[in-house]
Engineer: 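The structure that follows is given in the form of structure tokens.
Order of listing sets the numbers, starting from 1, for every ligand and every atom in it. Quick caveat: nothing in here was measured; it's all calculated off a predicted structure.
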Amino acid sequence: MDCLFCKIINGEIPSKKVYEDDMVYAFHDISPIAPVHFLVIPKEHISSAAGITSENSAVVAHIFEVIAKLAEEMKLDKGFRVITNCGDDAGQTVHHIHFHVVAGKQLGWSSEQGD
Ligand code: AMP
Ligand code: ZN
């Protein structure tokens with residue numbers, strides 16, 4: 001499958017790893033929008049939040065457990081934001097579900113991107 005994030009998971013495309021286990025992979029975003037900006041993705045290819053079903057939803061709970069653990073380790077005690085863009089209107093550019101974790105500055109909120 002011609003999927004950028006599947007290629008990152010299998011090592012065909014290099015990335016800066018933050019965390020990995022049997023279900024998920026986390027890596028630094030190539031063009032960060034804040035001092036801390038990494039992505040957490042399931043190893044199983046799911047195209048977007050619209051593709052979550054009762055069969056595959058357990059990985060989403062696991063992703064949030066991983067995010068909480070990483071936030072503690074990274075001492076993001078002042079706060080962080082988790083974002084998943086789904087579909088064209090949300091600006092999703094990579095069609096393998098991913099959760100942005102953004103932190104390290106005061107984040108605003110707008111209909112554009114919450115920036
Ligand atoms: P989205 O716009 O929500 O689909 O987010 C896709 C994200 O993937 C963007 O924030 C990109 O900067 C990021 N991205 C694209 N290619 C790479 C890459 N090779 N390594 C790390 N992050 C990437
Ligand atoms: Zn994929």
Engineer: Group every Ile, Leu, Val, Met, Phe, Trp and Tyr by side-chain heavy-atom contacts under 4.5 Å, then state whether Phe5 and Tyr19 land in the same group.
Structural biologist: no
Engineer: How close does the nearest protein non-hydrogen atom get to atom 5 (O) of ligand 1, and which residue and atom is it?
Structural biologist: His98 NE2, 3.0 Å
Engineer: Check whether any N or O atom of Gly91, backbone or side chain, sits under 3.5 Å from an N or O atom of ligand 1, and answer yes or no.
Structural biologist: yes
Engineer: Between His100 and His37, does the ring centroid distance fall short of 6.0 Å?
Structural biologist: yes
Engineer: Please write down residue, atom name and distance for the protein heavy atom closest to atom 12 (O) of ligand 1.
Structural biologist: Asp29 OD1, 2.5 Å
Engineer: Show me which atoms of ligand 1 lie under 4.0 Å from any heavy atom of Gln92.
Structural biologist: 4 (O)
Engineer: Report yes or no: does His100 have a heavy atom closer than 4.0 Å to ligand 1?
Structural biologist: yes
Engineer: Relative to the Zn ion (ligand 2), which of the N, O or S atoms in His45 is the closest?
Structural biologist: ND1
Engineer: Take a 6.0 Å sphere around CG of Asp89 and say whether it holds more than 12 heavy atoms from other residues, nucleotides or ligands.
Structural biologist: no
Engineer: Using side-chain heavy atoms (C-beta onward) and a distance below 4.5 Å, is Val94 in contact with His98?
Structural biologist: yes
Engineer: Under a single-linkage definition using a 4.5 Å side-chain heavy-atom cutoff for Ile, Leu, Val, Met, Phe, Trp and Tyr, are Phe80 and Val60 assigned to the same hydrophobic cluster?
Structural biologist: yes
Engineer: Under 3.5 Å, is there a donor on one side chain and an acceptor on the other for Asp21 and His62?
Structural biologist: yes
Engineer: Would you say the side chain of Ile52 lies within less than 4.5 Å of the side chain of Ile46, judging by non-hydrogen atoms?
Structural biologist: yes
Engineer: Looking at His28, which atoms of ligand 1 are within less than 4.0 Å of one of its heavy atoms?
Structural biologist: 21 (C)
Engineer: Near Ser31, which atoms of ligand 1 are under 4.0 Å from a heavy atom of that residue?
Structural biologist: 12 (O)
Engineer: What about His37: any of its N or O atoms under 3.5 Å from an N or O on ligand 1?
Structural biologist: no
Engineer: Is the Zn ion (ligand 2) less than 2.8 Å from an N/O/S atom of His95, whether that atom is in the backbone or a side chain?
Structural biologist: no
Engineer: Please determine if Ile8 has a nitrogen or oxygen closer than 3.5 Å to a nitrogen or oxygen of ligand 1.
Structural biologist: no
Engineer: I need the atoms of ligand 1 closer than 4.0 Å to a non-hydrogen atom of Phe27, numbered in the order shown.
Structural biologist: 21 (C), 22 (N)
Engineer: What do we get for Leu4 next to ligand 1 when only non-hydrogen atoms under 4.0 Å count, side chain, backbone, both or neither?
Structural biologist: side chain
Engineer: Does any non-hydrogen side-chain atom of Ile9 lie less than 4.5 Å from one of His96?
Structural biologist: yes
Engineer: Looking at Glu73 and Lys69, is any side-chain nitrogen of the basic one under 4.0 Å from a carboxylate oxygen of the acidic one?
Structural biologist: yes
Engineer: With a heavy-atom distance limit of 4.0 Å, tell me whether Ile33 approaches ligand 1 through its side chain, its backbone, both, or neither.
Structural biologist: neither
Engineer: State plainly whether the residues Lys17 and Glu20 are in salt-bridge range, i.e. N to O under 4.0 Å.
Structural biologist: yes
Engineer: Just give me the atom name: the N, O or S atom of His96 closest to the Zn ion (ligand 2).
Structural biologist: ND1
Engineer: Hey, any chance Phe38 and Phe99 share a hydrophobic cluster, counting ILVMFWY side chains that come within less than 4.5 Å of each other, even indirectly?
Structural biologist: yes
Engineer: Can you sort out which atoms of ligand 1 are near Thr93, meaning under 4.0 Å from one of its heavy atoms?
Structural biologist: 1 (P), 2 (O), 4 (O), 5 (O), 6 (C)
Engineer: So which of Val102, Ile30, Val94, Leu39 gets nearest to atom 21 (C) of ligand 1, if we judge by its closest heavy atom?
Structural biologist: Ile30
Engineer: Relative to the heavy atoms of Phe5, which atoms of ligand 1 are at a distance of less than 4.0 Å?
Structural biologist: 8 (O)
Engineer: Decide, yes or no, whether a salt bridge links Asp2 with Lys7 under the criterion of side-chain N to carboxylate O below 4.0 Å.
Structural biologist: yes
Engineer: Are Lys16 and ligand 1 in contact, using a heavy-atom cut-off of under 4.0 Å?
Structural biologist: no
